[in-house]
Amino acid sequence: MPIITIIIALVIVGFLMWVINTYVPMAAGIKSILNGLVVILVILWLLSAFGIIHIAALSSLSLK
């Protein structure tokens with residue numbers, strides 16, 4: 001998987017999280033849970049994309 005593809009995906013996810021955190025009104029607790037969930041999912045996706053772990057649900061999201 002090209003590194004530029006990973007960088008673009010991370011920038012898009014970061015931008016979407018910034019938009020949600022800035023412009024969508026919600027309780028601070030819910031924002032924290034959402035941010036934590038997104039971080040965990042991105043880490044799992046990166047580990048799966050680099051072949052460190054294999055998660056069947058994330059294999060369809062591979063950018064190969």
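These numbers come from a predicted model, not from an experiment.
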Is there a path of hydrophobic side-chain contacts, each under 4.5 Å between heavy atoms of I, L, V, M, F, W or Y residues, that connects [X] with [Y]?
X	Y	result
Val38	Val19	no
Tyr23	Phe15	yes
Leu47	Leu10	yes
Ile6	Ile40	yes
Val39	Ile12	no

Can you tell me how far apart [atom1] ([X]) and [atom2] ([Y]) are? Round to the nearest 0.5 Å.
X	Y	atom1	atom2	answer
Ile53	Ile43	CD1	CD1	10.0 Å
Ile52	Leu44	CD1	CG	11.5 Å
Ile7	Ile3	CD1	CD1	5.0 Å
Leu34	Ile20	CG	CD1	5.5 Å

Task: Nearest atoms (heavy-atom pairs only) where Lys31 meets Asn21 - done: NZ-O, 2.7 Å
Open item on the list: Among Thr5, Val11, Ile4, exactly one meets side chain to side chain contact (heavy atoms under 4.5 Å, CB included) together with Ile8. Which residue is that?
Closed with: Ile4
Task: Close side-chain approach of Phe50 to Trp45, heavy-atom, < 4.5 Å - done: no
TODO: Check whether any side-chain N or O of Ser32 sits under 3.5 Å from a backbone N or O of Ala28 as a donor-acceptor pair, and report yes or no.
DONE: yes
